[in-house]
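All remarks here apply to the structure that follows.
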Protein chains: 2
Amino acid sequence: MAEVTLKDVARASGCSIATVSRVLAGTRPVGAETARTVREAAERLGYRPNQVARALRSRSTGTVGLVLPQITNPFFPSLVRELEHALHAGGRAVLLADCDDDPLTEAARIGALLDRQVDALFLIPVDEHRSRDAVADAAARVPLVLLDRGCGPGVADSVAVDNAAGMALVLEHLAATGRRRPCFVGAAGTASAAVERRTAYEAGAAAFGPEAAARIELGDFSVEWGRAAVDRIWPARPDALVCANDLIAVGALQRLRQLGADVPGEIAVTGFDDIPLAGLADPALTTVRQPVAELAAEATRLLTHRPGAPGSRRAVRLAPQLVIRASSTPGGPLIPRPR
Amino acid sequence: MAEVTLKDVARASGCSIATVSRVLAGTRPVGAETARTVREAAERLGYRPNQVARALRSRSTGTVGLVLPQITNPFFPSLVRELEHALHAGGRAVLLADCDDDPLTEAARIGALLDRQVDALFLIPVDEHRSRDAVADAAARVPLVLLDRGCGPGVADSVAVDNAAGMALVLEHLAATGRRRPCFVGAAGTASAAVERRTAYEAGAAAFGPEAAARIELGDFSVEWGRAAVDRIWPARPDALVCANDLIAVGALQRLRQLGADVPGEIAVTGFDDIPLAGLADPALTTVRQPVAELAAEATRLLTHRPGAPGSRRAVRLAPQLVIRASSTPGGPLIPRPR
DNA sequence: ACATTCCCGGAGAACGTTTTCCCGAGGTAC
DNA sequence: GTACCTCGGGAAAACGTTCTCCGGGAATGT
């Protein structure tokens, strides 16, 4: 029951440690007969290579750190899931670090992971600016892929949804279903998602007339803000509420219902991200689905492809998908258009 | 920029590797003067101990595996968060493994984590029975704490909420607010949470009369089942729907609304777990809050306290808390009673 | 027949720590 | 003065791999 090592297998199979290692790792051709003997002995003894020793010698732990602001943010679990599966499929393990939305904790966690010799880092930065130094330092030491949110230009490779395209899909849909007076409920601050979605709204809303692009309320990415925003907006009677994420939209739906507004009859509401909650809201929320599996696949692809050339940072943007549900379609959900 | 090792610090401070190690690890008293020199050199060079080498030598990685069925299950993220914080506070790191609700994947993940020499495992088993062998094997190798769900008696230490107490709180509350005809919507199968909550309902419902304990519908722990269950139950016009978890309850709320039922006027609905969605449902869901932080604290306490005596498995049960919201109180939420 | 290559396998260094063992200096007890 | 601690410190083993180097034999070429 005690650990069986290469030495044990070597002794049992009557050859040297080096040979056993070569057979099991397949790093160099070995005579067919000896290979058979070794494999049999390894099997019989139940040998499992010690990954720590392997890591020390080969300078690669087969471990990737995953640093995120708050696992309780409802958008992250599905992303974590996909990343975990993608990495485990490649035989790598995931060291998880939750930052509690605090840049200092984030820096500490990154340091702890680096001390543990992670081969690479997946990181969703807490803050566009305040995460930057720690992220840049880390990116200088290991391959690092930024996910979902940016962290200043040229700091590291990044993979994210194309926020502008998503917002365009929403506005296009609203226009096609006859909405005329949209209004945007977004988040203040410099987080990339907040900025990109806001500016994309401004750009796209021009098609609804000059004043539509100006109907913007900014708070944060929370349900509470969604509720509060409705109180500020509803008197102006917009016929569509474009929310910067699903939490805001859910809050808006709740408050609109309290006020007796008819969604989607009087006013359409849309979200962004397609968190699980979106489909469960009442009415079910029209939203922009992030291509989570593709994000994960692209992220893992990035870190295998890049040894660490510091010159060219890559920023991959993936196409989102519009998910049309009841909150924007009086006659019930439509079939999403192909794009 | 290349890794600075003990050897470098030794050279810079003019003493031996052993001494440096002793100073930095504090394992043996060292002369005050040398200690100062060493610490200064370490600081100046920016020395960070290589955790992999440390792990190899000391046979302890300072790493704990966390194995769970599905990170996308809305109850888990907060638990993961608390566990992660509790462990990181102790200087340990978390290797995350998501099993995709599949016992085979679970066994593979457990094996992968053991190969990585985790010091211990936190595990939420996928299935009461089909997880058992893999869990028992793992528990024989490292300290293992079962969380939230059981896995047969005597397999490993476990920490979970006291489901019976939670269900009792619910029934007590319903009785106190005048409900007379409760009905239970639970999950079939042998999962410990499903069984315990079901039997606790049966025991507690006896106070409502003999037929109340028999009003039980069993499906699974999903929103869909909650919706479906309402269709089977509503014709009998119960005045309270006791759901085995929040997802079921949310599904029930949705369907009841579609049917035009008045919640909580005509019928109260309660859940279990207090997932984030519970507070956002409409009406907000009365439910039983799991003491997530305490679960995590107790779990970490268990694995430090127990070297691995195979004789006595400990099963810790923690008291839940009733969270009273609008779904069970016609006059708006009451103040939760102290207990 | 001899040089060259190739193939298979072993001995041992290396990875960066922790820890055991040892040594010398200085103090104390007799 | 000798015996015996204690204390600060160094040399080197050990952890379990991977990988480099080396050697012996067979095969091939001239």
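Every chain is numbered from 1 and lettered A, B, ... according to where its sequence line falls, protein lines coming before strand lines.
- In this structure, the CG atom of B:L6 is 12 Å from the P atom of C:dT19, given to the nearest Å.
- A donor-acceptor contact closer than 3.5 angstrom is absent between the side chains of B:D100 and B:T105.
- Along DNA chain C, the nucleotide closest to B:I17 and the one closest to A:A35 are compared, and the more 5′ of them pairs with A:A35.
- Checking B:S16 against B:T19 by side-chain atom types alone, a donor-acceptor pair falls below 3.5 Å.
- The separation between B:E3 atom CD and C:dT17 atom C1' is 13 Å, rounded to whole Å.
- When the nearest nucleotides of DNA chain D are assigned to B:A53 and A:T27 by heavy-atom distance, the more 5′-ward of the two goes with B:A53.
- Distance check, rounded to the nearest 0.5 Å: CZ of A:R109 to CG of A:L121 gives 13.5 Å.
- Scanning atom types as modelled, no donor and acceptor separated by under 3.5 angstrom connect the side chain of B:R57 and the base of C:dT17.
- The closest side-chain donor-acceptor pair between B:E128 and B:T190, if any, does not fall under 3.5 angstrom.
- For the OP1/OP2 pair of D:dT18 and a distance below 4.0 Å, the side-chain nitrogens and oxygens of A:S21 include at least one atom meeting the criterion.
- Phosphate contact (OP1/OP2 of D:dG16, side-chain N/O of A:T5, threshold under 4.0 Å): absent.
- The distance from atom CD of B:E33 to atom C1' of D:dG8 is 13 Å, rounded to the nearest whole Å.
- The nearest whole Å value for the distance from the CZ atom in A:R116 to the P atom in C:dC15 is 23 Å.
- Note: CG (A:N50) to P (D:dT18) measures 10 Å, nearest angstrom.
- A donor-acceptor contact under 3.5 Å links the side chain of A:R28 to the base of C:dG9.
- Rounded to an integer number of Å, the gap from CD of B:Q51 to P of C:dT18 is 9 Å.
- Neither side chain, A:Q117 nor A:T61, offers a donor N or O lying under 3.5 Å from an acceptor on the other.
- A residue-by-residue look at B:T19 and B:L56 shows that B:L56 has its nearest nucleotide of DNA chain C further toward the 5' end.
- Proximity of B:T34 to the phosphate of D:dG9: a side-chain N or O atom is located under 4.0 Å from OP1 or OP2.
- If you measure from atom CZ of B:R22 to atom C1' of C:dC21, you get 10 Å, rounded to the nearest angstrom.
- Distances were taken from every side-chain heavy atom of B:Y47 (C-beta onward) to each of D:dG10, D:dC19, C:dT17; the shortest belongs to C:dT17.
- Regarding B:R54, its CZ atom lies at a distance of 21 Å from the P atom of D:dT17, rounded to whole Å.
- Judged by atom type and distance alone, B:R59 does not reach the base of D:dG16 through any side-chain donor-acceptor pair under 3.5 Å.
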